[in-house]
*Asks:* 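Below are the structure tokens for one structure; questions will follow.
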Amino acid sequence: MTPIHFAFSSAFILGLTGLAFHRHHLLSALLCLEGMMLALFIALSLWTLQLNSTNFSASPLLLLAFSACEASAGLALLVATARTHGTDRLQNLNLLQC
């Protein structure tokens, strides 16, 4: 495994472990998801550059567009949660209480 592949895979795993173990606030969970998506974007971009193929050149842009949509939906949920519950702690949220 090259150092570049190791760096991006470790960045993805670091975001995944942060999402799994540090779920106290909604903002920290959203930041971990965003870090995972950015690691995937950079890895996919480098993969298409290494292949020198034009067939997969739109894939990183599509992933980046979905990542932007995911970030905007997450921030909208964060604002709605902060307005209704007064905090973004995930322990205070109850889906059955809506």
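Worth saying up front: this structure is predicted, and the values here are computed from it rather than measured. For the numbers below, each heavy atom of this structure counts, side chains included, while hydrogens, waters and symmetry mates do not. Positions are given from 1 along the sequence.
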*Asks:* Should side-chain heavy atoms under 4.5 Å link Ile, Leu, Val, Met, Phe, Trp and Tyr, which residues sit in the same cluster as Leu62?
*Replies:*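 Joined to Leu62, directly or through intermediates: Phe66.
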*Asks:* Just jot down the side-chain contact (heavy atoms from CB on, under 4.5 Å) partners of His5, sequence neighbours excluded, or say none.
*Replies:* Met1, Thr2, Gln50
*Asks:* For His25, give me all partners under side-chain contact (heavy atoms from CB on, under 4.5 Å), at least two apart in sequence or on another chain.
*Replies:*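 Partners of His25 by the side-chain contact (heavy atoms from CB on, under 4.5 Å) criterion, ordered by chain and then number, come out as Ser28, Asp88, Arg89.
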*Asks:* Run the side-chain contact (heavy atoms from CB on, under 4.5 Å) test against Thr17 and tell me which residues pass, sequence neighbours left out.
*Replies:* Ile13, Leu14, Phe21
*Asks:* Going hydrophobic residue to hydrophobic residue with side-chain gaps under 4.5 angstrom, can you get from Leu61 over to Leu63?
*Replies:*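 The answer is no; the residues belong to distinct hydrophobic clusters.
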*Asks:* Using a 3.5 Å cut-off and no angle test, enumerate the donor-acceptor pairs between side-chain atoms of residues 72-83 and protein atoms at least two apart in sequence or in another chain.
*Replies:*
unit_1, atom_1, unit_2, atom_2, d
Ser72, OG, Ala68, O, 3.4
Ser72, OG, Cys69, O, 2.9
Thr81, OG1, Leu77, O, 2.7

*Asks:* Mind listing the side-chain donor-acceptor pairs of residues 30-46 below 3.5 Å, one per line with the distance, residues two or more places apart or on another chain?
*Replies:*
unit_1, atom_1, unit_2, atom_2, d
Glu34, OE2, Ser67, OG, 3.2
Ser45, OG, Phe41, O, 2.8

*Asks:* Rounded to the nearest 0.5 Å, what's the gap from CG on Leu49 to OG on Ser57? Could you check?
*Replies:* 10.0 Å
